[in-house]
Amino acid sequence: MAKTFWLNQKFNINLPIWTLLLPSIAALVLAVHLIWHPSGIIMNTVTAIFLMGSVFAAVHHAEVIAHKVGEPFGTLVLALAVTVIEVALILALMSSSTPTDAAVLARDTVFAAVMLICNGIIGICLLIGGIKNYVQRYSLHGSKAAISVLLAIALIVFILPNFTTSAAGGFMIGAQLLFVAICCLILYAAFIFTQTIRHRDYFIADGVDDQHHSDNALTTAMSVGFLFFSLVTVVGLAKMLSPAMEAALLAMGMPKIVLGIIIAALVLLPESIAAVKAAYNDQLQNSLNLALGSALASISLTIPVIALYSIFTATPVMFGLSAKEGVMLVITLMITINTLSTGRTTFLHGIIHLVMLATFVFFSIIP
């Protein structure tokens, strides 16, 4: 791996040059999109390549930060950074969509993120980690705390709106949106307090050093800046690719939720790669911190912002899921609760989650 030796010698910055170069080139590609609005398969291919390059750069910078600040703060940094960018992407897409599409875009994207995390990221981590390490262990108290909060928020946001009477069809009135937003923020704040202060040991695997490491401060500062820079380019390039993806999906007759799945998958790529690498190295606790923390952040931070956006702009948003999607959500949460109920996992649990992921994707494409 090529290192920036001249940076290391002159400024004591020890980062691979590709982690600085790829996001920078990706930013140039994004600038070309914004200024000249090019199109065509070649430009879309170049955009996709440097989008992936920025994803890998973001993962590396997140690992540098995690090594510096220790757990669970390291995984929390990446989860919060990705979620903030996800919110910005959703708002940008909502502002440029038709009212009908904008009403369901946030719901579809956040719901897809939860399903991809609970079935996809966790499933791949358990499968790969189980194949390599046989039995993987994690903190039972930490996973139960995260799942309990995720269950409460998911039911309030996605299921309850279908049974209220103030507004029909999964919609909510302003007072209900405000109440749901407050509930999300309270539950997430309580979880973060539990994870980082009151019961931090619940989210640290036994035998893992949770202390801060003595990496160079300038290297860490560079990684913080380039983490956000990389994530911005990922989201920006994803937004540039979204019209082509939407046109392709429309030409194939795909349902609108498929776009939400694709957007969620692109946004979650950095966390997915980091979580799988941790599971492969028999650090399942870090994988679960990333996965469950990302699911919680995705709902708890996105929904309040979208709710306030709806209230202040009088833009209707639908949070209630259809009966089919609601059933899949409940089954997914039940399977996740069962999987993370013993403190140990094997590859079998990963296969179960991945089959559920395939079910979700298949019935989204062929409803």
Side-chain angles (χ1 to χ4, degrees), residues 1 16 55-56 58-79 82 113-148 150 195 199-213 215 265 268-296 332-360:
M1 183 183 295
V55 166
F56 284 100
V59 171
H60 181 85
H61 291 301
E63 289 174 346
V64 172
I65 297 168
H67 184 71
K68 176 66 176 179
V69 302
E71 291 297 333
F73 294 102
T75 53
L76 181 62
V77 169
L78 181 56
V82 170
V114 173
M115 297 295 285
L116 290 175
I117 290 167
C118 291
N119 292 314
I121 297 179
I122 291 179
I124 295 174
C125 288
L126 299 185
L127 178 62
I128 292 178
I131 290 174
K132 181 177 183 291
N133 306 299
Y134 291 88
V135 176
Q136 294 190 107
R137 293 170 174 81
Y138 58 91
S139 170
L140 186 59
H141 297 297
S143 64
K144 280 189 173 181
I147 288 293
S148 296
L150 180 60
Q195 183 185 35
H199 299 291
R200 184 182 172 191
D201 56 307
Y202 287 179
F203 301 88
I204 301 172
D206 293 337
V208 175
D209 179 17
D210 66 327
Q211 300 301 314
H212 296 197
H213 298 273
D215 292 342
L268 291 172
L269 266 177
E271 293 163 304
S272 303
I273 296 172
V276 172
K277 287 177 65 177
Y280 182 81
N281 293 322
D282 200 17
Q283 299 172 352
L284 184 60
Q285 185 60 54
N286 289 354
S287 297
L288 294 179
N289 287 346
L290 266 172
L292 296 176
S294 298
L296 286 171
T332 291
L333 293 175
M334 290 174 60
I335 292 174
T336 306
I337 291 171
N338 183 69
T339 296
L340 302 179
S341 63
T342 63
R344 298 183 178 187
T345 62
T346 65
F347 79 97
L348 175 61
H349 297 97
I351 292 176
I352 294 171
H353 282 266
L354 290 176
V355 168
M356 190 62 201
L357 172 67
T359 303
F360 163 63

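Below, each value reflects all heavy atoms present in this structure, side chains not excepted, and no hydrogens, waters or symmetry copies. It should be emphasised that the depicted structure is a prediction, and the values quoted were computed from it without experimental measurement.
In this structure, CG in Leu288 is found 9.5 Å from OG in Ser139, a value given to the nearest 0.5 Å. Distance check: Gln283 CD to Asn133 CG gives 10.0 Å after rounding to the nearest 0.5 Å. Considering OH of Tyr280 and CD1 of Ile128, their distance stands at 9.0 Å, rounded to 0.5 Å. Atom OG1 of Thr332 and atom CD1 of Ile337 lie 11.0 Å apart (nearest 0.5 Å). For the atom pair Met115 CE and Thr359 OG1, the distance stands at 8.5 Å (nearest 0.5 Å). Distance check, rounded to the nearest 0.5 Å: CG of Leu284 to CZ of Arg344 gives 13.0 Å.
Remark: side-chain polar atoms of Asn338 are not paired, donor with acceptor, to backbone N or O of Met334 under 3.5 angstrom. Judged by distance alone, the side chain of Asp282 and the main-chain N or O of Lys132 form no donor-acceptor pair under 3.5 Å. Checking side-chain atoms of Ser287 against main-chain N and O of Cys125 turns up no donor-acceptor pair under 3.5 Å.
Counting heavy atoms from C-beta on, the side chains of Leu116 and Ile121 never come closer than 4.5 Å. Contact of the Ile204 side chain with the Gln285 side chain is not registered, since no non-hydrogen atoms from C-beta on lie closer than 4.5 Å. Two residues are said to be in side-chain contact when any heavy atoms from C-beta on lie closer than 4.5 Å; His349 and Ile335 fail this criterion. Taking the side chain as every heavy atom from C-beta outward, Leu292 and Ile147 approach each other to under 4.5 Å.
Annotation for Ser143 and Tyr138: closest pair OG-CE1, 3.4 Å, computed over non-hydrogen atoms. Closest non-hydrogen pair, Leu140 versus Ser341, comes out as CD1-C, 3.5 Å. Scanning all heavy atoms of the two residues, the minimum distance from Asn286 to Ala278 falls at CB-CB, 4.0 Å. Closest approach of His60 to Pro16, counting heavy atoms only: NE2-CD, 3.2 Å. In terms of heavy atoms, Thr345 sits closest to Leu340 at CG2-CD2, 4.4 Å. Closest of all the heavy-atom pairs between Leu290 and Ala274 is CD1-CB, 3.6 Å.
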- Item | Leu126 vs Thr339, side chain to side chain contact (heavy atoms under 4.5 Å, CB included): CA-CA, chis, key distance, verdict | CA-CA 10 Å; Leu126 299 185; Thr339 296; 3.6 Å; yes

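Within a 6.0 Å radius of NE2 in His141, no more than 12 heavy atoms belonging to other residues, nucleotides or ligands are found.
Screening Val114, Ile117, Asn289 for a side-chain contact (heavy atoms from CB on, under 4.5 Å) involving Ser294 leaves a single residue, Ile117.
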